[in-house]
Amino acid sequence: MTSSRPLTSMCLLKLSETDTMEGVGFELVSELLFECYRVPKVSFGIDGLYSLYHNKRAALPTSAIVVSSGYNCTHILPVLNGRLDGKNSSRIISGASKLCLICIGCCS
């Protein structure tokens with residue numbers, strides 16, 4: 001890259017998290033990014049919702065149920081008319097780690 005501008009002034013930083021991230025975490029990360037690294041723009045979002053909007057072919061808003069599974073837990077995220085219904089979201093404490101143990105148990 002031959003531009004004289006720093007990399008942080010040329011791009012938007014997107015950070016994805018699950019829907020249960022505490023607000024304090026966002027504040028600390030934002031402070032570090034803006035003050036120490038001089039990042040001009042940051043977008044915080046839920047990874048499953050980023051995927052929904054990226055892969056949706058029909059016109060938005062849309063209604064859907066997003067199932068976002070990680071290593072330790074799975075999130076059920078209802079989306080009504082293009083907006084997350086946070087009151088009805090749920091977290092199931094069963095993720096890929098438990099599924100791996102179940103699969104190993106079945107195969108041995």
Side-chain angles (χ1 to χ4, degrees):
M1 185 173 292
T2 60
S3 174
S4 61
R5 293 187 299 168
L7 178 63
T8 55
S9 69
M10 295 186 294
C11 61
L12 165 69
L13 180 63
K14 289 187 180 182
L15 296 175
S16 66
E17 275 296 332
T18 61
D19 65 333
T20 57
M21 174 90 170
E22 295 293 326
V24 175
F26 288 127
E27 291 173 16
L28 294 174
V29 170
S30 295
E31 183 177 342
L32 280 172
L33 291 172
F34 291 126
E35 293 180 11
C36 296
Y37 296 102
R38 304 204 188 284
V39 174
K41 299 177 187 176
V42 177
S43 172
F44 289 98
I46 299 171
D47 52 0
L49 296 180
Y50 275 144
S51 178
L52 172 69
Y53 292 116
H54 177 76
N55 294 304
K56 185 67 180 152
R57 302 209 190 287
L60 295 174
T62 186
S63 294
I65 295 177
V66 176
V67 178
S68 179
S69 186
Y71 187 72
N72 291 316
C73 63
T74 300
H75 292 89
I76 311 297
L77 307 169
V79 177
L80 302 173
N81 297 319
R83 305 209 31 107
L84 174 66
D85 182 8
K87 290 182 181 178
N88 292 311
S89 325
S90 46
R91 178 180 180 202
I92 301 168
I93 305 178
S94 179
S97 62
K98 290 188 181 180
L99 292 175
C100 288
L101 291 174
I102 291 169
C103 290
I104 290 170
C106 292
C107 296
S108 53

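Values reported hereafter were calculated over all heavy atoms of this structure, with side chains retained and with hydrogens, waters and symmetry mates removed.
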- Is there a path from Leu80 to Leu49 through hydrophobic residues (I, L, V, M, F, W, Y) whose side chains come within less than 4.5 Å of each other? no
Heavy atoms of Ser43 and Tyr50 approach each other most closely as OG-OH, 2.8 Å
So CG of Asp47 and CG of Leu52: to nearest 0.5 Å the spacing works out to 12.0 Å
- Query: For the hydrophobic clusters of this structure (ILVMFWY residues joined by side-chain heavy atoms under 4.5 Å, transitively), does one cluster hold both Leu32 and Val42?
  - Reply: no
Rounding to 0.5 Å, atoms CG (Asn72) and CZ (Arg91) come to a distance of 8.0 Å
Of all heavy-atom pairs linking Phe34 and Pro40, the shortest is CE2-O, 3.9 Å
d(Ser63 OG, Asn81 CG) to nearest 0.5 Å is 4.5 Å
Here the pair of heavy atoms bringing Thr74 nearest to Ser69 is OG1-OG, 3.2 Å
Closest heavy-atom pair, Ser89 versus Leu84, reported as atoms and distance to 0.1 Å, is OG-CD1, 4.1 Å
Should we say atom CD1 of Ile65 is surrounded by more than 12 heavy atoms from elsewhere, each under 6.0 Å from it?
no
Taken to the nearest 0.5 Å, the spacing of Asp85 CG from Ile76 CD1 works out to 13.0 Å
